[in-house]
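Before any comments, here is the structure.
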Amino acid sequence: MKKNQIGKTGLYVNPIGLGANSIGGYNLYPNLGEEIGKKLAQTALKNGINFIDTAFSYGRGRSEELVGETIQELGMRDDVILATKGAQRFTPSGMQLDNSPAFLKQTVEESLKRLKTDYIDLFYIHFPDENTPKDEAVGALKQLKDEGKIRAIGVSNFTMEQLREANKDGYVDVYQGEYSLISREVEKEILPYAVEHQISFVPFYPLASGLLAGKYTKDTVFDDYREKMPHLQGEAFVRNLEKVESLREIANVKGQEVAQVVLAWLLRHDAIDVIIPGAKRTGQIENNLKTLEVQLTEAEIKAIDRIFG
Ligand code: NAP
């Protein structure tokens, strides 16, 4: 199987990874049982996926615990590139974002315990806080990297300005941000910056939370965070479904499914080495792996871009 290096990290992955928010992550998908969640991680690892993306905030550590348990049970720690994120501090008065060096070091130690490992392959600052200079925050992660506790440094949800500050010393390996056919803001500045600085870009919500997998209809009813997502409501939802139908014509001609064409469209980007579609069913993981068989021509890429304008 073809493996991609994530940017300049020396970490090699199957370009199809697994987004583990649904695994024990009760923030976005409150309705998925833990055994099904673990089964998703097992299916991914047994089928050649070796990159899993989790975070402390996915179920306040529960996702990390379930992912760590699954890897341990399969005895596959050496085979997996494990990514997690932190920056949330929970206090009696609620959640605060904290990028201070002391807190980042503490949260990495806690993630290590939950993941049942002594190193994290890729650790991201999940969200920027208001006060910490971003190069100082990344400096703390560089120390952890030098100590062998993490192997690569990521930031997520940073603005362009925050990313520049974070990367002042060239230490940022990976940026994670929202990117899909219907969410393309990062094309303006962040993706070009990533290419220029050899920062690997990991797109989240690659399937626009399921919309771009091509199975929803205007009668689909959502029972989780998708109830509140603007692109899945009212007029916007109807317009998006029409675009997905146009995309289906391209997929049909190729004998592929819509989701695979959508994921292949992401993977063709110079800055993108790996993608992390989420899943609720094991069959979705197997389907998404078939993206590796899809080659898009320049004409198809142009046609897809025209549909989504
Ligand atoms: P997503 O990958 O865009 O969509 C996942 C949904 O697509 C699944 O729940 C499933 O929907 C559907 N799906 C997936 N494969 C399919 C297939 N082959 N056929 C049909 N449907 C398919 O959204 P996501 O899972 O919310 O996000 C992906 C990952 O990004 C997360 O797991 C997380 O790791 C990361 N993330 C990071 C941030 C951040 O702040 N850094 C924020 C959000 C997410 P159904 O449930 O309808 O079956």
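When a ligand or atom number is given, it counts from 1 through the structure's own listing order. Source: prediction; values computed, not measured.
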**Fill in**
Q198 meets the side chain to side chain contact (heavy atoms under 4.5 Å, CB included) criterion, sequence neighbours left out, with K8
**Request:** Return the protein residues near ligand 1 (heavy atom under 4.0 Å from any of its atoms), ordered by chain and residue number.
**Result:** G19, A20, N21, Y29, D53, Y58, K85, H126, F127, S156, N157, Q176, F204, Y205, P206, L207, A208, S209, G210, A213, K215, Y216, Y225, R226, I276, P277, G278, K280, R281, Q284, N287, N288
**Request:** Using the salt bridge (charged side-chain N to carboxylate O under 4.0 Å, His left out) rule, collect all pairs that involve residues 276-291, keeping only residues at least two apart or in two chains.
**Result:** D224-K280
**Asked** With sequence neighbours excluded, what pairs up with F56 under the ring pair (Phe, Tyr, Trp, His ring centres under 6.0 Å) test?
**Response** F90
**Asked** Within 45° of the axis and under 6.0 Å from the centre of the six-membered ring of Y171, does NZ or CZ of K142 qualify?
**Response** yes
**Request:** Step through it carefully: locate the ring centre of F222, locate the ring centre of Y216, and say whether they are under 6.0 Å apart.
**Result:** yes
**Item:** Presence of salt bridge, R248 and E257, under 4.0 angstrom
**Value:** no
